Amino acid sequence: MSSALNRSSRALSRREILAQCRVALACTAVLPGRAFAQSEEPEHVEVKTAYGRVRGVKSDGLATFKGIPYAGSVSGANRFKTAPPLQPWTGVRDALNLGAPAIQTGQRRNETPQSEDCLFLNIWTPAADGRKRPVMFYSHGGGFVTGSGGAGYQDGGNLARTFDVVVVATNHRLGLMGYLFLGELGGEEYATSGNQGLLDIRDGLKWVHENIHTFGGDPANVMIFGESGGGAKTSCLYAMPSAAPYFNKASIESGPGIRMMPHEAAAETTLMVLKHLGIEKSDWRKLLEVPVDKLLGGQTGIGRTGGGLLGMNGGRKGMGGGSRAGGFGPVVDGTVLPHHPFDPVAPAISKDKPLMVGYNRDETVFFFNQQRNTEVFNLTEAALKERLAKEFPGNTDAIYETYHKSRPDASPSELYIAITTARMIGIGAMTIAERKYAQRGAPAYMYIFKHANESLIPGTQFKMGTPHAMEITYKFYNVRPPGQGGGNAGGGLMAISDQSSVKAAHNMAEMWSTFARTGRPAAKGEPAWPAYTAANRATMEIDAQCRVVGDPYGLERSMWERLEP
């Protein structure tokens, strides 16, 4: 489906698409960078960590700490290496502002300038009181090449305050800085270089294990979760021996990381970068001296963005499943990542850890909208079949007839969104649930987020639906009716008049936080969520009123299994 996603003029950024999704909701006002009304004056609060004291802000039942370093410097001589240990400091370190985001294309609005030294985390907690609350450790999206743990729409304050949990988010190395594989050139010294971004997240988890008790969290009850690229990162962490001691359960959201970059493709990518930068293979150490902006040019100049969702295969390969050189993402190196996360089976190392996995009903609306590809929102039946013939040669009739029978009232464009969503993300999510169940260990819970945005995509008569990334503000409970206070100083909250959206957000946030607390997702007043099995294929459809469906879209599933055994 790559050809379908590449027709565009200027592509919209992820941030622009997310803002568009919010603005389009009825009577929505996005309030970036601004707090809602607070009932008490903020005050400073200090916490002692193993490395020194930090000063955060406490107000209205929430303590926030931003920009706490969790590992040492990864610039200079440490570029492309595993981060050294964090050095202690004296006095009190302010944790009032976000730390630097990772090096990436484009500066993120309302955030500090990017830096190679980007290993910072943010903590949202009801109180730094020594209590043992469940910890929800989030990895941001943006494939493996963009994003930040400080983005306002994933601010953890409301989730922490409302559901009595501790939320943590990290910045970590991305793209070439985090995943350039130098093991074949640099030997043992650079053996882990293809997975430094993952090892950064591991180091963040280790820091949490050592320190979160002083922030009111339980180091023995940690949930890892993430959306899109963050879901693929979570898939990798779920299979990483060095991360295993630091978490107890996981949720993979709209980013099923079944396979990652093979060793051979990663090595070829490195040679492509060297050639683009005019560096001989024998002089590879010059990479340590190349300015960051030139390195970033090497990342984008080799022909693929790599690691972003548009560069990833879907189906039963899942996000990150491409084997072609030219992208940047985790490398199956036999050590940090011993094998593909969920291929051919679920990782034995996490057999006893409960898992949630799922996706949004209309994922690919996001990507076509991002590419300003309005053509796909106005398809005729003939145009749909023409597309299918190009993208699924030999299977056009089977796919069209199956989807038409499964969704008889759907328009050609709606069918195409359903088909591409399944191919890109849905099949992979289901495959993870199936392989997790096959272990006969801890349960797997499958979901589809279905709360729809009824507004029209600009320039079309096609409804937004439930696109990729839409659920982020919902699971973080960053949705509020107009005039209601109780926001947080991170900004990024939505004021919204649609009470059903508020209810859907509460349902999702409660299910996620309950899963963090107990290992079983649930929300008061909603149906019990059964574990996924081969017999029931139980799937929770998340909305203002949730429901459990056995084998949703079963005709479609059966067809894909025949086409992709």
Side-chain angles (χ1 to χ4, degrees), residues 132-139 165-168 195 198-199 201-210 212-213 217-226 230-253 255-260 318 330 332 334-358 428-447 511-522 528-540:
K132 291 186 175 181
R133 299 175 178 86
V135 179
M136 302 180 69
F137 185 101
Y138 189 70
S139 292
V165 296
V166 177
V167 181
V168 182
N195 287 306
L198 289 181
L199 289 170
I201 303 173
R202 186 276 316 270
D203 287 345
L205 281 165
K206 183 179 179 182
W207 188 97
V208 165
H209 184 77
E210 296 171 345
I212 206 65
H213 64 283
D218 184 357
N221 190 15
V222 176
M223 168 189 171
I224 57 173
F225 69 127
K233 294 167 191 172
T234 302
S235 297
C236 292
L237 294 169
Y238 202 70
M240 277 178 62
S242 64
Y246 306 126
F247 70 93
N248 312 91
K249 53 188 75 72
S251 176
I252 299 168
E253 303 145 13
I258 295 176
R259 295 178 58 86
M260 291 294 139
V332 182
T335 305
V336 176
L337 197 58
H339 46 72
H340 294 292
F342 282 90
D343 189 51
V345 295
I349 196 169
S350 292
K351 178 179 178 180
D352 297 327
K353 297 179 180 181
L355 177 68
M356 293 170 61
V357 61
M430 189 183 309
T431 298
I432 285 180
E434 291 170 347
R435 292 178 179 173
K436 176 63 180 174
Y437 165 71
Q439 283 187 310
R440 300 298 197 274
Y445 297 95
M446 180 80 188
Y447 76 88
M511 287 171 173
W512 262 238
S513 57
T514 302
F515 179 72
R517 181 169 282 106
T518 68
R520 180 170 183 171
W529 189 338
Y532 188 95
T533 71
N536 67 19
R537 301 188 188 278
T539 302
M540 179 65 77

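Index from 1, following the sequence. Please read all numbers here as calculations on a predicted model, not as lab measurements.
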Minimum side-chain heavy-atom gap Met240-Leu337 below 4.5 Å: yes

How far apart are the C-alpha atoms of Met223 and Val135, what are their side-chain angles, what is the distance that settles it, and do they pass the side chain to side chain contact (heavy atoms under 4.5 Å, CB included) test? CA-CA 6 Å; Met223 168 189 171; Val135 179; over 6 Å; no

If I take atom CE from residue Met356 and atom CZ from residue Arg520, how far apart are they, to the nearest 0.5 angstrom? 12.5 Å

Greater than 12 external heavy atoms within 6.0 Å of His339's NE2: yes

Do Pro521 and Thr514 make a side-chain contact, defined as non-hydrogen atoms from C-beta onward lying under 4.5 Å apart? no

Evaluate side chain to side chain contact (heavy atoms under 4.5 Å, CB included) for Lys353 paired with Phe247, printing each intermediate quantity in order. CA-CA 9 Å; Lys353 297 179 180 181; Phe247 70 93; 3.6 Å; yes

Minimum-distance pair of heavy atoms, taken over all atoms of Ser235 and Pro256: OG-C, 4.2 Å

Could you report the tightest heavy-atom contact between Asp218 and Ile212, atom names first, then the distance? C-CG2, 4.1 Å

Are the side chain of Asn221 and the backbone of Arg133 linked by a donor-acceptor contact shorter than 3.5 Å? no

What are the two closest heavy atoms between Pro347 and Gln439, and how far apart are they? O-NE2, 3.0 Å

In Å and rounded to the nearest 0.5 Å, what is the CD1 to OH distance from Ile224 to Tyr238? 8.5 Å

Can you see which heavy atom on Ala516 is nearest to which on Pro134, and at what distance? O-CB, 3.7 Å

dist Asp352:CG -> Lys249:NZ (nearest 0.5 Å) comes out at 13.0 Å

Measuring from Thr234:OG1 to Tyr138:OH, what's the distance to the nearest 0.5 Å? 8.5 Å

When you measure from the side chain of Ser139 to the backbone of Phe137, do you find a donor-acceptor pair of N or O atoms at a distance under 3.5 Å? no

Met260 side chain near Pro341 side chain, heavy-atom distance below 4.5 Å: yes

Report yes or no: is the cationic atom of Arg517 (NZ for Lys, CZ for Arg) closer than 6.0 Å to the six-membered ring centre of Phe515, at no more than 45° off its axis? no

Side chains of Phe225 and Glu253: does their closest heavy-atom pair fall under 4.5 Å? yes

Show the nearest heavy-atom pair for residues Leu198 and Pro330, with the distance to one decimal. CD1-CB, 3.6 Å

N/O donor-acceptor pair under 3.5 Å between Trp529 side chain and Met446 backbone: yes

Mind checking whether Arg435 and Val345 have side chains closer than 4.5 Å, heavy atoms only? no

Applying side chain to side chain contact (heavy atoms under 4.5 Å, CB included), run through Arg259 and Val332 and close with a yes or a no. CA-CA 9 Å; Arg259 295 178 58 86; Val332 182; over 6 Å; no

Just wondering, do Ile252 and Leu355 contact through their side chains at under 4.5 Å, heavy atoms? yes

What's the spacing between Ile432 CD1 and Asp343 CG if we round to 0.5 Å? 10.5 Å

The ring-ring contact (aromatic ring centres under 6.0 Å, His included) partners of Tyr532 (sequence neighbours excluded) come to none

Within a strict 4.5 Å, meaning less than it, do heavy atoms of the Leu199 and Ser242 side chains meet? yes

Report yes if the distance between the aromatic ring centroids of Tyr447 and Trp512 is under 6.0 Å, otherwise no. yes

From Ser251 OG over to Met136 CE, what is the distance, rounded to the nearest 0.5 angstrom? 8.0 Å

Do you know which two heavy atoms are closest between Val208 and Pro219, and how far apart they sit? O-CB, 4.4 Å

Any Thr431 side-chain heavy atom under 4.5 Å of Ile258 side chain: yes

Is Lys436 positioned over the aromatic face of Phe342, cation under 6.0 angstrom from the ring centre and no more than 45 degrees off axis? no

